[in-house]
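All values below were derived from every heavy atom in this structure, side-chain atoms included, with hydrogens, water molecules and symmetry-related copies excluded. To find a chain, count down the sequence lines: A is the first, B the second, and so on, and within it residues start at 1. No experiment lies behind these values; they were computed from the predicted model shown.
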Amino acid sequence: MEEKNTPLATVYQPQDVEQKWYAYWLEKGYFSCDINPDGEPFCIVMPPPNVTGQLHMGHALDATMQDVLTRFRRMQGRRTLWLPGTDHAGIATQAKVEEALAKEGLSRQEIGREAFLEKAWDWKHRYHGRIVKQLQMMGSSCDWDHERFTLDEGCSAAVRETFVELYEKGLIYRGSYITNWCSHCQTTISDIEVEHNQRAGHLWYLRYPYADGSGYVVVATTRPETLLGDAAVAVHPEDERYRDKVGKTVILPVMQREIPVIADEYCDMEFGTGAVKITPAHDPNDFEIGLRHHLPQITVIGKDGRMNENAGKYAGMTLLECREKLVEEFRSLGLLERVEDLEHAVGECYRCGTPIEPLISPQWFVKMAPLAAPAIEAVRSGETRFVPARFARTYTNWMENIRDWCISRQLWWGHRIPVWYCQDCGEQICTREDPVVCPKCGSKRLEQDPDVLDTWFSSALWPFSTLGWPEKTKLLEEFYPTSVLVTAYDIIFFWVARMIFSGMEQMGRAPFHDVFIHGLVRDDQGRKMSKSLGNGIDPLEIVNQYGADSLRFTLTMGNSPGNDMRFQWERLEGARNFMNKIWNASRFTLMNLSDDQPDAYPLQLTLADQWVLTRLARVCAEASANLEKYEVGEALRAIYDFAWDEFCDWYVEMAKHRLYQGSPAEKHTAQHVLCVTLRTILELLHPFAPFITEELWQQLPHQGETIMLARYPDGSGMTLYPEEEQRMQMVMEVIRSIRNLRAEMNVPMGKKAPVVLACDAAAQAVLQECEPYLLRLAQAAELSFVTGGAAPDKAAKAHVRGVDIYLPLAGLIDLDKEISRIEKEIASTENELKRLAGKLANASFLAKAPAEVVEKERAKETEYQAKLDSLRKHLQLFR
RNA sequence: GGGGCUAUAGCUCAGUGGGAGAGCGCUUGACUCACAUUCAAGAGGCCACUGGUUCGAAACCAGUUAGCCCCACCA
């Protein structure tokens with residue numbers, strides 16, 4: 001064959017093409033939401049990554065899913081906005097900036113609020129660029145002109161408006177309650193930011209003597225150090241053991257404080273001794289009990305995580321030191337009854353792992369009950385739909401049991417709480433504009449609340465703040481509610497739920513139609529990827545090594561909605577191999593293209609052409625349907641199977657004969673079908689593998705500037721040839737059968753051998769038409785047809801779809817081997833027949849099963865019977 | 001304490017009531033003019049267990065077992 005020049009190397013090198021195309025797309029503005037101005041709007045707001053971090057595999061999965069959906073919709077002609085952005089991540093970012101300061105020997109207090117915020121902004125700018133680069137290297141087709149940041153001007157305006165509105169409605173309030181204090185992060189955190197982990201601990205049984213000298217009550221505690229702040233001992237009102245003790249007082253040892261014995265239903269009679277020490281200032285339950293019984297709140301633990309001045313001689317000690325010393329003192333006083341081992345849940349900060357200390361302090365809260373109700377209804381009514389649906393239940397259960405949300409944080413990096421306090425009259429002022437004078441007393445001595453808001457407060461507004469709210473922008477009008485939110489299940493409470501109630505409250509409509517939930521990317525042993533385990537993988541490393549398309553492919557293929565996936569390097573090789581396969585199929589096609597005009601010759605579609613075009617149409621429909629259902633992995637699998645197995649391994653091989661030896665018209669037809677099919681495969685594949693598909697599409701004959709804006713093939717308007725499809729599949733089965741016989745008989749791969757076929761006239765016509773394929777794909781030296789009893793006797797035989805296949809190999813085949821092979825085949829056929837016969841003898845099957853199913857089973861029976869007869873007859877010859 | 005997920009080939013996983021699938025690994029053969037990042041052939045499954053629904057269940061329902069996860073104020 002003459003060597004034709006192609007610009008393509010034999011092995012695909014993603015590095016050569018990816019950056020080039022991303023730059024091209026950006027330059028042409030294809031990511032802009034204005035690119036299909038007349039299309040129905042489609043919008044995804046990107047879950048904003050923390051601006052301080054760098055992207056991990058979870059982000060890569062999230063971005064890939066969003067990009068697949070976005071590119072799919074854009075190719076459908078939708079007016080598509082994928083809005084990118086980042087999150088200021090209050091605690092995390094502040095911690096990093098403080099860390100950096102510490103290296104210079106400075107603290108934020110030393111440099112002051114303003115200087116600190118400057119540093120934080122510097123930090124933000126530096127890391128932001130990295131995240132954008134990572135997203136771009138993965139091919140994310142977001143509209144960068146609409147990129148947002150949770151702390152930018154617009155988002156800040158949305159936060160201010162929301163806060164003031166909720167404040168005015170009485171849905172935001174300030175109060176002294178017990179909240180979760182992290183002594184490491186030096187701030188309160190909300191309930192869901194506390195992780196409850198099982199930890200090995202002890203249960204100390206301590207004796208509290210009654211004040212009247214009548215013995216003592218024994219209380220059990222896991223945290224002896226808090227007893228210094230005890231305000232009571234509580235028992236269950238129906239607990240017989242303590243019936244006559246309620247109303248007495250006990251002397252709190254060490255502190256020598258007299259505290260009452262009270263009755264409260266909170267107590268569990270089964271646990272410990274049934275008597276509980278009550279520390280209102282350091283335990284949420286005790287706090288509630290304290291309120292019910294008007295107990296004093298005695299704080300003995302400070303914000304620094306040490307015992308404070310109320311702890312007497314233990315003041316200044318860490319909690320653990322105090323615990324040890326205190327237990328020792330009880331022991332020496334004879335007041336330690338016993339110690340048990342106990343595994344119990346300890347609340348720890350989800351950021352830094354420090355044990356959380358419940359502390360009382362004035363904080364800001366969002367009243368949740370009135371906000372939760374419409375948010376629950378939005379999902380119940382189907383206004384917002386979770387995919388998979390089971391997550392709706394997770395959401396609803398949580399929302400129904402929600403408690404008020406503590407939104408103030410003792411940080412500097414974030415949205416400062418828009419409330420001022422008059423230093424003269426104490427008035428609390430919350431307004432849209434910064435106040436200058438106190439509206440009550442006219443004083444100018446106003447001080448703003450020093451705290452900032454929980455980062456999630458601004459994230460909760462993301463679906464509309466990014467579209468321009470509180471301004472009435474065109475963008476907001478067009479794209480709100482957004483189409484779908486794509487995120488992992490671990491963030492449903494933190495973020496999804498809060499966006500839904502915020503959307504209902506501020507916009508009156510839920511922020512998205514669908515919530516597409518995916519799982520987490522775990523390591524190859526199924527462990528969560530984390531910094532402490534050191535098992536995290538940088539997506540960029542993979543992009544550099546295998547290319548972005550392979551990374552995206554690996555994250556998509558075989559991934560089902562809502563389920564976790566394991567990340568394995570070996571799978572990347574599979575992905576890379578597939579890219580290389582597509583590359584080489586294109587290379588082959590380009591090498592065999594001639595410069596004919598499209599209509600130089602009339603098309604003469606062969607059976608193979610009709611078959612592949614039919615299969616292509618079916619795959620287009622399947623892929624589209626699956627993408628519509630968010631079955632992204634299934635869509636890709638269908639494309640992958642067709643592209644590799646049917647197109648590359650079968651059709652390309654079948655086209656070769658015409659390409660190399662065909663008449664000009666035959667050659668032209670093969671080229672045409674090859675080209676159309678390949679181009680359609682590239683279009684189908686584009687949302688999953690944007691780079692390689694653009695590179696190849698541009699080299700093939702095409703219309704338009706970019707594959708990004710080609711119409712996504714959904715099979716509509718494509719001609720189906722169902723009968724030809726069946727015929728071709730029969731031929732393929734015959735070829736497979738011949739290959740199988742040859743392998744079983746140890747006929748060397750390259751050795752040509754004669755093949756004899758016996759079948760009816762119709763099948764013979766089909767097989768004769770396909771003779772070139774049999775010669776090439778089945779290594780047949782020559783093809784001959786027999787009728788009646790003229791079949792060769794010294795031959796290996798198989799039977800497929802009414803066709804007897806003989807491999808006459810006199811002197812070459814091993815008789816015994818062939819006999820045992822045939823016997824095995826007969827046995828399995830008999831088995832199949834028995835099963836079918838049983839089914840077809842079943843009256844209720846015949847009566848109730850759909851006619852087409854019954855018909856199918858009957859046809860199968862006929863087929864198997866024919867096969868059995870044929871093989872039995874063959875076996876006779878050897879005996 | 002409540003809720004959820006998972007259980008399919010040696011491994012990782014798809015499977016949407018009607019002939020058990022893929023990739024990797026394994027065995028055998030092949031440097032065939034797009035590709036050895038390839039091709040061909042093969043071995044390998046009581047679809048966790050027990051019931052139920054159904055003409056028909058890997059799939060739907062109930063229970064059991066094992067593993068994982070989430071929520072929850074039991075000292």
Can you find a pair of side-chain heavy atoms, one from Leu206(A) and one from Leu227(A), that are under 4.5 Å apart?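 Yes; the side chains approach each other to less than 4.5 Å.
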
Find out whether Met368(A) and Arg403(A) are in side-chain contact, i.e. whether some heavy atom of one side chain is under 4.5 Å from a heavy atom of the other.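 Side chain of Met368(A) against side chain of Arg403(A), heavy atoms only: no contact under 4.5 Å found.
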
Let me know, please, whether Thr222(A) or Thr10(A) comes out on the 5' side of the other along RNA chain B by nearest nucleotide.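 Per heavy-atom nearest nucleotide, the more 5' residue is Thr10(A).
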
Could you say whether Ile192(A) or Tyr640(A) is positioned toward the 5' end of RNA chain B, judged by the nucleotide with the nearest heavy atom to each?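 Looking at the nearest nucleotide for each, Tyr640(A) comes out on the 5' side.
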
Using the [atom1] atom in both, what is the distance from [N] to [M], to the nearest Å?
N: C49(B); M: U65(B); atom1: P; answer: 16 Å
N: A9(B); M: C47(B); atom1: P; answer: 10 Å
N: U37(B); M: C24(B); atom1: P; answer: 13 Å
N: C73(B); M: G17(B); atom1: C1'; answer: 46 Å
N: A62(B); M: C26(B); atom1: P; answer: 43 Å
N: C13(B); M: U8(B); atom1: C1'; answer: 9 Å
N: G25(B); M: G10(B); atom1: C1'; answer: 7 Å
N: G23(B); M: A34(B); atom1: P; answer: 23 Å

If you look at every strand shown and take non-hydrogen atoms under 4.0 Å, does [X] touch a base, only sugar-phosphate, or nothing?
X: Arg223(A); value: nothing
X: Asp283(A); value: nothing
X: Pro748(A); value: nothing
X: Asn740(A); value: sugar-phosphate
X: Gly274(A); value: base
X: Phe493(A); value: sugar-phosphate
X: Lys656(A); value: base
X: Ala585(A); value: base
X: Glu270(A); value: nothing
X: Trp644(A); value: sugar-phosphate
X: Val219(A); value: nothing
X: Asn580(A); value: base
X: Gln568(A); value: sugar-phosphate

Separation of [N] [atom2] from [X] [atom1] (nearest whole Å):
X: Arg393(A); N: C69(B); atom1: CZ; atom2: C1'; answer: 15 Å
X: Glu343(A); N: G1(B); atom1: CD; atom2: C1'; answer: 16 Å
X: Asn584(A); N: C39(B); atom1: CG; atom2: P; answer: 10 Å
X: Trp398(A); N: G4(B); atom1: CH2; atom2: P; answer: 19 Å
X: Phe578(A); N: U37(B); atom1: CZ; atom2: P; answer: 18 Å
X: Leu846(A); N: G56(B); atom1: CG; atom2: P; answer: 13 Å
X: Phe494(A); N: C70(B); atom1: CZ; atom2: C1'; answer: 12 Å
X: Glu852(A); N: G56(B); atom1: CD; atom2: C1'; answer: 15 Å

Contact list (N/O, under 3.5 angstrom) for nucleotides 13-17 of chain B vs protein:
from: C13(B); atom 1: OP1; to: Arg566(A); atom 2: NE; distance (Å): 2.8
from: C13(B); atom 1: O2'; to: Gly558(A); atom 2: O; distance (Å): 3.3
from: A14(B); atom 1: OP1; to: Ser560(A); atom 2: OG; distance (Å): 2.9
from: A14(B); atom 1: O5'; to: Gly558(A); atom 2: O; distance (Å): 3.3
from: A14(B); atom 1: O2'; to: Glu634(A); atom 2: OE2; distance (Å): 2.4
from: U16(B); atom 1: O2; to: Lys629(A); atom 2: NZ; distance (Å): 3.4
from: U16(B); atom 1: N3; to: Lys629(A); atom 2: NZ; distance (Å): 3.3
from: U16(B); atom 1: O4; to: Asn626(A); atom 2: OD1; distance (Å): 3.3

Between G19(B), A75(B), A41(B), spot the one nearest the side chain of Arg739(A), thanks.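 From the listed options, A41(B) comes nearest.
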
Select one nucleotide: of U38(B), A41(B), C73(B), the one nearest the side-chain heavy atoms of Tyr266(A).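 Minimum distance to the Tyr266(A) side chain belongs to C73(B).
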
Side-chain donor-acceptor contact under 3.5 Å, Tyr208(A) with Asp230(A):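 Yes - a donor-acceptor pair under 3.5 Å links their side chains.
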
Within the 3.5 Å criterion, strictly below it, is a donor on Asp564(A) or Tyr489(A) matched to an acceptor on the partner's side chain?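 Side chains of Asp564(A) and Tyr489(A): pair found under 3.5 Å.
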
Could you work out, with ring pair (Phe, Tyr, Trp, His ring centres under 6.0 Å) as the rule, every residue matching [X], not counting sequence neighbours?
X: Trp650(A); result: none
X: His293(A); result: none
X: Phe494(A); result: Tyr350(A), Trp456(A)

Respond yes when some side-chain nitrogen or oxygen of [X] is under 4.0 Å from OP1 or OP2 of [N], and no when none is.
X: Arg742(A); N: G29(B); value: no
X: Asn592(A); N: A34(B); value: no
X: Tyr660(A); N: A34(B); value: yes
X: Lys528(A); N: C69(B); value: no
X: Lys581(A); N: C39(B); value: yes

Roughly how far apart are Leu685(A) CG and Tyr640(A) OH, rounded to 0.5 Å?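 One finds 11.5 Å between CG of Leu685(A) and OH of Tyr640(A).
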
Leu555(A) CG to Met565(A) CE distance, which is reported to the nearest 0.5 Å: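 Between Leu555(A) CG and Met565(A) CE, I get 5.5 Å after rounding to 0.5 Å.
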
Leu840(A) and side-chain contact (heavy atoms from CB on, under 4.5 Å): which partner among Lys860(A), Glu861(A), Arg835(A)?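 Among Lys860(A), Glu861(A), Arg835(A), the one that satisfies the side-chain contact (heavy atoms from CB on, under 4.5 Å) with Leu840(A) is Glu861(A).
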
Represent RNA chain B in dot-bracket notation, 5' to 3'. Only Watson-Crick or G-U wobble pairs with both distances under 3.5 Å count; pseudoknot-style crossings use [ ] and interstrand partners use |. (((((((..((((....[..)))).(((((.......))))).....(((((..]....))))))))))))....

Taking side chain to side chain contact (heavy atoms under 4.5 Å, CB included) as the test, write out the residues that go with Arg679(A), two or more places apart.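 With sequence neighbours excluded, Arg679(A) shows a side chain to side chain contact (heavy atoms under 4.5 Å, CB included) to Val676(A), Glu683(A), Trp697(A), Leu700(A), Pro701(A), His702(A), given in chain and number order.
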
What I want to check is whether an N or O donor and acceptor connect the side chain of Arg576(A) with the base of U37(B) at under 3.5 Å.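 By the distance-only test, yes, there is a pair.
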
What closest approach, in Å, do Leu326(A) and Glu225(A) show between heavy atoms, and which atom pair accounts for it?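 Between these two residues, the closest heavy atoms are CD2-CA, 3.9 Å.
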
How about Trp569(A) and Phe567(A): are their ring centroids closer than 6.0 Å?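 They qualify: ring centres under 6.0 Å apart.
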
